[in-house]
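The structure appears below as structure tokens.
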Amino acid sequence: MVFASYTFIFLFLPIAFVGYYLAARVGAIYAVAWLTLSSLAFYAVWNPAFVLLLLCSIAFNFAIGRALLARASAEDSRTRNWLLTLGIAGNLLPLVYFKYLGALLSLAQHASLVSRGFDFKVILPLGISFFTFTQMGYLVDCHEGEGKDIDLIRYSAFVTFFPHLIAGPILHIREIGPQLLNSETSRFRIRDVSVGISFFIIGLSKKVLLADPLAEVVKIGFAHPGDFRMCTSWLYALAYSLQLYFDFSGYSDMAIGLAAMFGIRFPINFDSPYKSTSMIDYWQRFHATLTRYLTLLLYNPIALRIQRRRMAAGLNGPKRNKQSLSAFGSLVVIPIFFTMTLAGIWHGAGLQFLLFGLMHAVYLTVNHAWRTFGPKLDRAKLSQWVATGIIGSKVLLTYVAAVAAMVMFRASSAGDAMRMMGGMAGLHGLDAIPVPSSVMHLLQHLGPVYAYLTQSHHFLAVPTDDSIPAPASLALRFFIVWALPNSQQIMAKFSPTLKPVRGNSPYWLSWQPTTRWALALGLLLAVSLMSFQQTKVFLYFQF
Amino acid sequence: MESTQILEKLTAIIRDALDDQDLKLTLETSAANVPAWDSLAHINIVVSTEMAFGIKFKTAELEQLRNVGEFVSLINQKLNVKQG
């Protein structure tokens, strides 16, 4: 069941919602149990058989977690390490089977390591990467003594809670556990519910009105990656970057809104990533809970271990401006490449995902190298204009680099991605810059310049082909991405997220519980509901 | 050890790691307010602190720190456990 469907909005959600607050009247624990039951039903609609897999996974992880917590003393640290290893292996096994075994086998068949006689095909259980990661994080927390007071009912609700079950955010037990333990959470509060509904509508409209209409055209572009010349290739790549943006942003908003309707706060997962001024910044804003997860479980432990060893060996901790190359290599390059390679293949088994991870590893390394070895600007001495120009070019550079990696992410194979990038680099020839017809009308007033740009040199043209993304529709989306506040900034006064929101929203775009806002959002909801026929599955459902 | 002593020792460590001898730290300072304090600098600060105080942090503990004040109380807590 997808959030942007009539079944979800008019059947599932009302039942889950009313049942939750009715159950809470009997007792908070019943409300939590209801949450688990309705979430399982939500999952079962897609494929009932895999509910069993989900339940086994929950039982296994809860049991390992209990065993870890029961051995809290220092003498048991060896046993704890063994238990954690067993737990992680138990989680990775189904993930490898469902997600990577097919690709590994076909690789082995290509290398003639196994016979070519059979074809291995399994369906990927929805959200397996997400619920596996959430639970491995729980085990690591138990290993360090966290999550003692969480019982099986609350643990099941933590894992299955439908707003995050299938595509994140990836939650920590210490941010959700206390909320589930607090009986105030399931007390009906009109404020949380109206904030939640408003947040949900904003997300729904992003998904239905801004992301989905681009899906068809993006599909055409990436089905024929080698067929386009430079500007058209860029149009397709930009259209995909915007589709992905509004899809994931819309999903994340809906998740926060739905959680708020049940009195639960989620962390921010998507924080205007295309406004980032560096790649390091980008990863703090794009899928922030995955970045946080990978930093906590891979990057930090590796970097800490390396640094502890270096310092113990007498290689003194490098200071910011006296960083040596070897320190940079071992403290930055190794952990980043390790983490980002895994982040890449977390998204899928293809070579293109590995290359996507590697591209980002290179970006992040360059970014860190620039910070460490590059020139230091004294910002106070710059004029306002220069400073703004520098920020603008940083944002643009970060975005373009991200788009290049996204081509890898979207293409059906690494070869296709290369062909698309070749087109973007101008290897398949140049074509006219596409401009909206309205802009073209304005340009006509320029007389000879207009004739030069269009008729004699064909620098500019209005695209006539329907299968090419319309420049005006992309421009509208870029305006929303770069010029408007994001959803959490619009809702900031009523803070429906876990951490404080950065940045703010102008007065006229700050949500208030008023009739005006209710009417505006009601209208947005009506328009979104009427546009459902072209609704697509969320892009992040495939991971 | 008193919190003020810990803060003093920690300030010296952080100034060294960030190579900024004029840096002023209070209990409310957070990494977000100090531009040079990024993930890499953080690793240096953490390990230097471990060495200086003879303690060891868990990654989950470090994740939850919001500001210098919480870092100081974590160090304090570790030192108390160490002394038993």
Side-chain angles (χ1 to χ4, degrees), chain A residues 74 137 140-147 172-175 278 280-281 283-284 291-293 295-312 314-323 327-328 330-333 335-336 339 364 367-369 371-372 376 379 499-500 502, chain B residues 9-25 28-67 69-71 74-75 77-84:
Chain A
V140 172
D141 282 341
C142 289
H143 181 259
E144 304 205 341
E146 298 228 18
H172 286 316
I173 191 70
R174 64 176 156 276
E175 58 195 5
S278 69
I280 298 172
D281 190 23
W283 280 103
Q284 303 295 324
T291 308
R292 174 181 76 167
Y293 186 89
T295 310
L296 183 69
L297 284 130
L298 293 172
Y299 183 88
N300 278 351
I302 298 169
L304 274 174
R305 183 170 275 215
I306 293 174
Q307 177 70 343
R308 279 181 188 135
R309 210 181 291 163
R310 285 180 64 86
M311 285 187 90
L315 295 163
N316 206 11
K319 293 174 185 177
R320 173 55 61 187
N321 295 323
K322 298 166 195 143
Q323 185 89 263
F328 187 78
S330 52
L331 282 175
V332 179
V333 182
I336 282 182
T339 311
L364 287 171
N367 197 171
H368 276 291
R371 273 197 190 176
T372 314
K376 302 278 175 292
R379 238 157 254 195
K499 276 191 184 168
R502 63 169 160 183
Chain B
K9 208 166 158 183
L10 191 61
T11 305
I13 292 169
I14 295 174
R15 280 180 178 169
D16 245 17
L18 303 180
D19 206 23
D20 178 358
Q21 294 306 324
D22 308 318
L23 185 70
K24 301 242 181 326
L25 288 184
E28 280 76 41
T29 310
S30 77
N33 312 133
V34 186
W37 193 337
D38 59 13
S39 53
L40 176 60
H42 195 63
I43 298 286
N44 289 338
I45 291 168
V46 166
V47 179
S48 307
T49 309
E50 286 182 344
M51 303 269 288
F53 289 94
I55 50 181
K56 201 170 168 189
F57 301 108
K58 295 172 181 169
T59 41
E61 293 169 337
L62 298 168
E63 154 86 345
Q64 293 170 71
L65 301 177
R66 276 169 218 278
N67 55 33
E70 293 192 10
F71 198 16
L74 179 66
I75 295 169
Q77 184 193 324
K78 292 259 157 186
L79 288 174
N80 288 338
V81 172
K82 201 175 124 193
Q83 284 154 8

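Below, read A as the first sequence line, B as the second, and so on, with proteins coming before strands; counting in each chain starts at 1.
When heavy atoms are compared at a cutoff of 4.5 Å, His143(A) does not approach chain B at all. Of the atoms belonging to Arg66(B), it is side-chain heavy atoms, and not backbone ones, that fall under 4.5 Å from chain A.
The structure places NZ of Lys58(B) at 16.0 Å from CG of Asn300(A), a figure rounded to the nearest 0.5 Å. Here the CE atom belonging to Met311(A) is positioned 7.5 Å from the CG atom belonging to Asn44(B), to the nearest 0.5 angstrom.
Residues Ile306(A) and Ile43(B) have side chains not in contact (no heavy-atom distance under 4.5 Å, counting atoms from C-beta outward).
Every residue two or more places apart in sequence or in another chain that forms a salt bridge (charged side-chain N to carboxylate O under 4.0 Å, His left out) with Asp141(A) is listed here: Arg174(A).
Other residues, nucleotides and ligands contribute more than 12 heavy atoms inside 6.0 Å of the CZ atom of Arg502(A).
Pairs of residues two or more places apart, or lying in two chains, that qualify as salt bridge (charged side-chain N to carboxylate O under 4.0 Å, His left out) and include a residue from residues 39-52 of chain B are Arg308(A)-Glu50(B).
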